[in-house]
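Notes follow the structure.
Note that this is a predicted model, so its numbers are computed, not measured. The chains referred to below are lettered A, B, ... by the order of the sequence lines, with proteins before strands, and numbering in each begins at 1.
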Amino acid sequence: MDISRYEDHGQFCSGHAACGGCVEALTMRVILNEIGPDAVGVVAPSCTAVILGGYPTSSARIPFIHGLIETAAAMGTGVKRGLAAQGKGDTTVVCFAGDGGTYDIGIQALSSAAERNEDILYVCFDNEGYMNTGGQKSSSTPHGAATGSTPLGKATVKKNLIEIMAAHRIPYIATASPSHLADLAAKVRKARAIRGMKVLIVVIPCLPGWGVADDSAVRVARLAVESGVFPLLEVEDGVTWRIASDKTRPIDAYLAGQKRYRHLSDGEREALQAEVDAGFARLKALEAINPG
Amino acid sequence: MNKQALSPLWTHLTSEGNRTGTWRAALPRYQDQPSPCLGACPVSGRIATWIGHVEDGDLRAAWEVLSDNNPFPAIAGRICHHPCETACNRAQLDETVSICALERHVGDAALAAGWGFAAGPERGVSVAVIGGGPAGLSAAYQLRRAGIAVTLYEAREALGGLMRYGIPSYRLAREVLEGEIARITAMGIDLRLGAGVEDAAALEALAEAHDAVFLATGASLPKRLPGLDYEAGFVVDSAAFLAAPESEQKAMTGAHVLVIGGGSAAMDVARTARRLGRRVTVMTLEPEGRLPAQQVELEEAAEEGVAFITGAMLKAAEGGETVTIAAVRVTFKPGETRGQFSVNEITDSAFTLACDTIIPAIGQDADLARWGTVLGTDGPVVGRRAGRIRAGGDVASMERFVTHAIGMGKEAAREIIAELAPDAPLSAPLPGPLVEYARINTAYHPGHPRARQPSAPLPKRLESFAEVQQPLPAEAARREAERCFSCGTCIHCDNCYLYCPDMAITRLFPGYEVKTDYCKGCGLCVAECPTGAIHMREDTP
Ligand SMILES: Cc1cc2nc3c(=O)[nH]c(=O)nc-3n(C[C@H](O)[C@H](O)[C@H](O)COP(=O)(O)OP(=O)(O)OC[C@H]3O[C@@H](n4cnc5c(N)ncnc54)[C@H](O)[C@@H]3O)c2cc1C
Ligand SMILES: Cc1ncc(C[n+]2csc(CCOP(=O)(O)OP(=O)(O)O)c2C)c(N)n1
Ligand code: SF4
Ligand code: SF4
Ligand code: SF4
Ligand SMILES: [Mg+2]
């Protein structure tokens, strides 16, 4: 099947600590294999950090520096500049962080690295909450979703990181999904070839955090794409928007697959549908301004 | 200086030492399973497999899989009632796969290329097959493949049974029939044409002379319509009419033909008469929408100008200058079993009708009396056997279809082979329950409308007995094959391997293996399988 094809070169190892069925591990598998051996990683505290390994073992074949949750982009900056100073400017530097470490706690470091157009690939594993610490809300948690700290559903909308990053006019921003693995691999490949700041945001349905069955995270991610909740898109230089996925179904099936939305009333569901419709229409409008 | 060794700054082991397999409660298992189309197919054809070969453009491989169960794909691809399509999982997504048209595509390619069958190494045992219709020929084919000698006794001068003497050539071109029969006789069969086996004594003599007998004489006794004098000159037997050459058919019929019956045979009589230039009316007991003929036959008959009087019963017929029919309107109630029904006359609904010829086509019964007590008397039973004698096809079943006959011939032959030549290779049936629609991940099967076979243009149809249904163009056939979900058949797409977050699946080229050391039992591989060829089973290490 062409939509799932990618190459595995053994860059990510079995025996890691991710929950069974976790698609964060799956996307790490695709990304690390696409990046290859000539790379150095940094990672903020997050599920990703746990999956990468408890000392003294690692599930990645490339070296990773585990740092503070505020500092993923700053660490990446330093590592990249250090490598460049040693004449190793071609080595890829990749930053892994969760949404808490990106939208909230690490946004200062991320914004300034973006403003300086550092030559790093920043990957945000967006599971829409502080999941590794038990499932609290982050500013990425969507409107209406229940978390440990918003048991009745979050009152405010998800922060729009894509537009924030686009406002920095960095060379490349993309979204990706574990339901579209070939697309994910292609975006990593493309990002590696671009000099300057690249941000990749991957949707990660979290099994316990979202209340998703062990075998269903790919299906839920696919529904997120197909319902327009999480469109697959690319933004070049902050101004050229390309929306690659269509909105082909209502959000009902997407919501129904997750316990975090189970408390919603019909009216709340309709309101969420209207928000998704408006968000998708806005993306199409941005695409129309400068179709590239 | 502190002599104590410093712990290294970086990790020095991979995670592969952690046996995460201990976490699991279930383990995936690769297991091809039967598709619903296979379950419904009277010959149990490996449809998912051969359609896969069509998709790959390998028609030779497709034909080999097909003809393992059915030596007549070009025939079945034209006239099978295709219950497979009714059962097809794809119908729950958009429309059923055009299995029958694809079967014809493969069958025609095999005839065009001249591919043939090989007989198995001779086993020194022999079987008498009585009747050279689809049931008898199917059995003969399977027996020859296993190296069993076959003597085939056929009452008529040519093989094919009702495929030759019933089904008209506008539905089944004669060169197709000849081609698929010749391929079987070329396997080396001792053919006895014009050699009817007349009675119980002759049957018992054959059972003595051979190691087994397969009886497939069809159903040759026409059911009789009360109220009709079958000796009258204006009454023509439908079987005799369909079996006659065109010139005789003309002599048998007047300008306006009344056909009684609503099944396939009645449609064949009606449409044949239209091709002879006759005006044709069909009268049925069943109301509109309940006629037993296939929908496409009814539609094509109507297109060809056949008139229908449904929900009506003939009471009497009077000859003269023209024939006058007395009839009455009825309500129709189907019975418990196929072919049974009851009718009630509607009061004050009598009517009359004028015509020149009446052709009743209301079905045939098996001539069982001929065999005395040799077969037993418990009515027609599938695979009826009596000692070394087995029976199959119309003589032994009320499922009066060509592919049922082929399937029963195959099954009887397999039983005989297992008994007489136990070393001969027999393909094993797929185990397990039919694959349900819920097991298909439809994300990998984009919506695409079903390919439809073109029909010959209408005015031309009535000018000859040339085939009405036209083949699918090659590219349309390949695209139609792509629509098949391959239910229960691994297509080696690698999805299970690619979606495992734990790298717990190894590719074996061909096939796959689960690494029990690492599999956490999440079931993602199963959920993302497009075909349902893998499933979870309980497993605690
Ligand atoms: C007009 C018509 C149209 C039909 N259309 C379709 C259709 O579109 N699709 C479909 O699936 N089915 C159709 N059928 C039904 C189908 O033709 C039969 O179910 C099928 O042919 C049965 O196969 P068989 O081998 O059991 O019997 P038959 O085809 O009847 O063959 C029996 C053979 O045995 C021979 N025989 C009989 N008695 C003796 C004897 N004593 N000794 C030696 N030989 C003997 C006969 O001559 C004949 O060759 C149709 C039937 C009719 C009548
Ligand atoms: C400043 C700071 N506060 C809190 C923590 C504790 N902490 C570690 S991981 C984590 C959750 C991070 O959430 P996110 O970045 O979304 O990653 P996820 O666990 O969801 O993968 C938290 C709160 C920390 N490491 N540093
Ligand atoms: S989709 Fe293919 S394998 Fe499945 S039932 Fe239909 S024809 Fe058979
Ligand atoms: S996806 Fe991997 S870990 Fe999950 S059940 Fe399949 S083989 Fe096991
Ligand atoms: S996912 Fe693909 S390769 Fe794996 S079992 Fe299913 S069909 Fe076969
Ligand atoms: Mg998170």
*Nearest-0.5 Å distance, OG of residue A:Ser179 to CD of residue B:Glu528*: 8.5 Å
*Is the CZ atom of A:Arg262 crowded by more than 12 outside heavy atoms at less than 6.0 Å?*
no
_Heavy-atom count check: over 12 atoms from other residues, nucleotides or ligands less than 6.0 Å from B:Gln92 CD?_
yes
*Under 4.5 Å heavy-atom distance to chain B, tell me which part of A:Phe64 shows up: side chain, backbone, both or neither.*
neither
*Within a reach of under 6.0 Å around CZ of B:Arg450, are more than 12 heavy atoms found that belong to other residues, nucleotides or ligands?*
yes
_Taking CD in B:Glu475 as the centre, count heavy atoms belonging to other residues, nucleotides or ligands within less than 6.0 Å. Is the count above 12?_
yes
*asked:* What part of B:Asn441 gets within 4.5 angstrom of chain A, counting heavy atoms only: side chain, backbone, both, or neither?
replied: side chain
_Heavy-atom contact with chain A under 4.5 Å, split by part of B:Cys519_ = neither
_Crowding at NZ, A:Lys88 (>12 non-hydrogen neighbours, <6.0 Å)_ = no
*Any idea which heavy atoms bring A:Ser4 and B:Tyr444 closest together, and the distance?*
OG-CE2, 4.4 Å
*B:Asn18 and A:His16: side chain donor to acceptor below 3.5 Å*: no
*Which atoms of A:Pro63 come close to chain B, meaning under 4.5 Å heavy atom to heavy atom: side chain ones, backbone ones, both, or neither?*
neither
*Where on A:Val23 is there a heavy atom nearer than 4.5 Å to chain B: the side chain, the backbone, both, or neither?*
side chain
*Can you tell me how far CD1 of A:Ile3 sits from CG of B:Leu498, rounded to the nearest 0.5 angstrom?*
11.0 Å
*Is A:Thr57 reaching over with its side chain to a backbone N or O of B:Leu13, donor-acceptor style, under 3.5 angstrom?*
no
*Between chain B and each of A:Gly10, A:Ala18, A:Cys22, count heavy-atom pairs under 4.5 Å; write down the option with the most.*
A:Ala18
*asked:* Do A:Leu181 and B:Tyr499 have side chains that approach each other closer than 4.5 Å (heavy atoms only, starting at C-beta)?
replied: yes
*Could you tell me the separation between the CD atom of B:Glu16 and the OG atom of A:Ser59, rounded to the nearest 0.5 Å?*
9.5 Å
*So which heavy atom on B:Ala527 is nearest to which on A:Asp215, and how close?*
CB-O, 3.3 Å
_Heavy-atom pairs under 4.5 Å with chain A - which of B:Gly21, B:Gly17, B:Cys522 has more of them than the others?_
B:Cys522
*Could you check if a side-chain atom of A:Arg219 sits within less than 4.5 angstrom of a side-chain atom of B:Leu524, using non-hydrogen atoms only?*
no
_Pairs of heavy atoms under 4.5 Å with chain B: top-ranked of A:Cys13, A:Ser14, A:Gly20_ = A:Ser14
*Mind checking which of residues 25-52 of chain A sit less than 4.5 Å from chain B, heavy atom to heavy atom?*
A:Ala25, A:Leu26, A:Arg29
